[in-house]
Amino acid sequence: MARGVPAVLVLSGLLSCAVLGKYSAHQKQPLMRADFHAETTLCQTTPGLRRPQVELCRRLPDVTGAALQGLQVAVKECQHQFRHHRWNCSSLATRAKNPYTSAIFQKGFRETAFAYAISTAGVVLSVAKACSQGSLKNCSCDTHKYKMKVAEDLNSAWKMGGCSHNLHYGIRFSKKFLDSRESGADIHSEINLHNNHVGRMVVAENMQKKCKCHGVSGACEFKTCWRAVPDIRVVGRALKEKFRQAVLVYQSNLVNRDLQKNNRPNQKKRKQRTRLKQWTPYKPKRKRGLRNDLLFYETSPNFCDSDRTFDVPGTSGRYCNRTHTGEGSCSSLCCGRGYNMIKQRRTQACNCRFHWCCDVECENCTVEEWVTICK
Ligand SMILES: *[C@@H]1O[C@H](CO)[C@@H](O)[C@H](O)[C@H]1NC(C)=O
Ligand SMILES: *[C@@H]1O[C@H](CO)[C@@H](O)[C@H](O)[C@H]1NC(C)=O
Ligand SMILES: *[C@@H]1O[C@H](CO)[C@@H](O)[C@H](O)[C@H]1NC(C)=O
Ligand SMILES: *[C@@H]1O[C@H](CO)[C@@H](O)[C@H](O)[C@H]1NC(C)=O
């Protein structure tokens with residue numbers, strides 16, 4: 001997978017990140033006893049981990065810790081991207097320790113596809129960054145060589161001396177940690193694996209080059225550059241777009257695929273190809289391949305009413321926009337039940353004054369405003 005990364009950069013030198021101060025020997029020392037205990041506790045107290053995940057957690061508790069943090073970042077981003085939707089991702093947030101325990105992960109909705117992809121992306125980002133911060137025992141900066149288009153940089157002297165986020169390791173770990181949840185033996189888990197793949201791909205496609213200038217009095221005579229993973233917001237936006245265009249698939253020629261699988265059991269690529277062939281888009285006119293699309297196999301409920309079996313809270317009590325149509329509007333969010341108007345008090349900064357130099361002093365004012373809340 002990482003070989004398919006759009007080549008952002010090329011390495012020029014042999015400089016490894018070990019020369020960076022950030023990556024000090026101190027941080028590479030074995031974990032203290034207390035940390036060790038904290039981390040093995042993590043493996044025991046995180047709910048809903050499957051057996052291979054627990055085993056991985058025992059072997060690499062620090063990396064797993066970074067992965068779990070990545071899941072939290074992903075859930076936050078999911079909430080941001082879906083803040084105006086009836087399903088607003090809050091059910092994942094309430095499962096703070098492991099969003100996968102939410103029933104939405106057991107379904108095949110469009111929202112499920114997004115949840116799988118963003119979660120995987122969150123794990124990749126978090127692990128890739130943690131590696132380069134030198135806080136993990138099993139990985140450090142990425143030292144893989146990538147080809148690059150250097151056009152913009154031909155004129156300035158720069159070298160790839162910085163400590164790159166370890167995309168490679170992040171991707172590998174996310175496969176071990178998350179793909180291991182899936183048996184891969186049925187179409188549902190194959191679709192989950194596919195959506196995991198889309199999450200990783202979006203991270204890889206959005207890798208950035210970051211540089212730091214060196215030189216006399218801030219002149220940018222030399223630059224040191226490294227590859228950085230994108231911000232989660234960039235990933236969230238890209239996946240949201242894929243969410244909009246997600247493809248409903250149904251199962252076909254399954255028998256055919258099984259035969260092929262048995263004939264060539266070890267050919268991963270072939271397996272992947274047959275996997276994708278086997279999913280037929282619901283709208284057969286569609287021409288382009290499905291490899292880069294989020295896939296789902298169940299039409300979503302309307303998410304209007306609370307439904308425990310899907311872990312759906314419903315939209316009663318949601319703030320909505322009365323003067324607006326479309327996403328976030330009362331007509332959409334309240335599902336025809338109407339809304340209540342409530343006067344609310346809010347504190348905000350006011351009468352701000354600037355003091356030389358450089359303070360801003362504000363008073364706290366209470367403002368009253370009408371808000372609309374779904375019945
Ligand atoms: C990372 O962990 C794997 C599996 O536990 C092990 O095989 C490998 O040697 C480790 N690598 C480093 C650099 O510690
Ligand atoms: C998401 O929806 C839930 C349930 O309807 C609600 O309690 C929560 O405040 C909403 N979150 C946001 C950020 O709007
Ligand atoms: C409601 O939507 C309108 C139009 O898009 C917007 O100007 C306004 O700020 C929104 N109000 C709230 C409370 O979000
Ligand atoms: C305004 O409120 C904040 C916290 O809500 C508080 O920390 C601050 O001291 C308040 N400022 C004044 C001027 O009362």
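Numbering of ligands and ligand atoms starts at 1, following listing order.
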Discussion item. Restricting to side-chain hydrogen bond (donor to acceptor under 3.5 Å, both in side chains), what partner residues turn up for Ser102, sequence neighbours left out?
Written reply: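 Counting only residues at least two positions away or on another chain, Ser102 forms a side-chain hydrogen bond (donor to acceptor under 3.5 Å, both in side chains) with Asp311.
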Item to complete: Run through ligand 2 for me and note each protein residue having a heavy atom under 4.0 Å from it, chain first, then residue number.
Response: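 Protein residues near ligand 2 are Asn88, Ser90, Pro313, Gly314, Arg318.
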Worksheet entry | ring pair (Phe, Tyr, Trp, His ring centres under 6.0 Å) involving Phe109 - partner list, sequence neighbours excluded |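 Per chain and number, Phe109 pairs via ring pair (Phe, Tyr, Trp, His ring centres under 6.0 Å) with Phe310.
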Item to complete: For Phe177, check ring pair (Phe, Tyr, Trp, His ring centres under 6.0 Å) against everything at least two apart and list the hits.
Response: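 For Phe177, the residues satisfying ring pair (Phe, Tyr, Trp, His ring centres under 6.0 Å) (neighbours in sequence not counted) are Phe173.
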Fill in: Lys240 NZ/CZ over Phe82 ring centroid, <6.0 Å and within 45° of normal
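That pair qualifies as a cation-pi contact.
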Discussion item. Between Met207 and Val229, is there a side-chain heavy-atom distance shorter than 4.5 Å?
Written reply: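 Sidechains of Met207 and Val229: in contact.
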Discussion item. Within ligand 3, which atoms have a heavy atom of Thr323 less than 4.0 Å away?
Written reply: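 Atoms satisfying the 4.0 Å criterion: 1 (C), 2 (O), 3 (C).
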Item to complete: Check the pair Cys330, Cys374 against disulfide bond (SG atoms under 2.5 Å apart), reporting the backbone distance first and the verdict last.
Response: CA-CA 7 Å; Cys330 292; Cys374 290; 5.7 Å; no
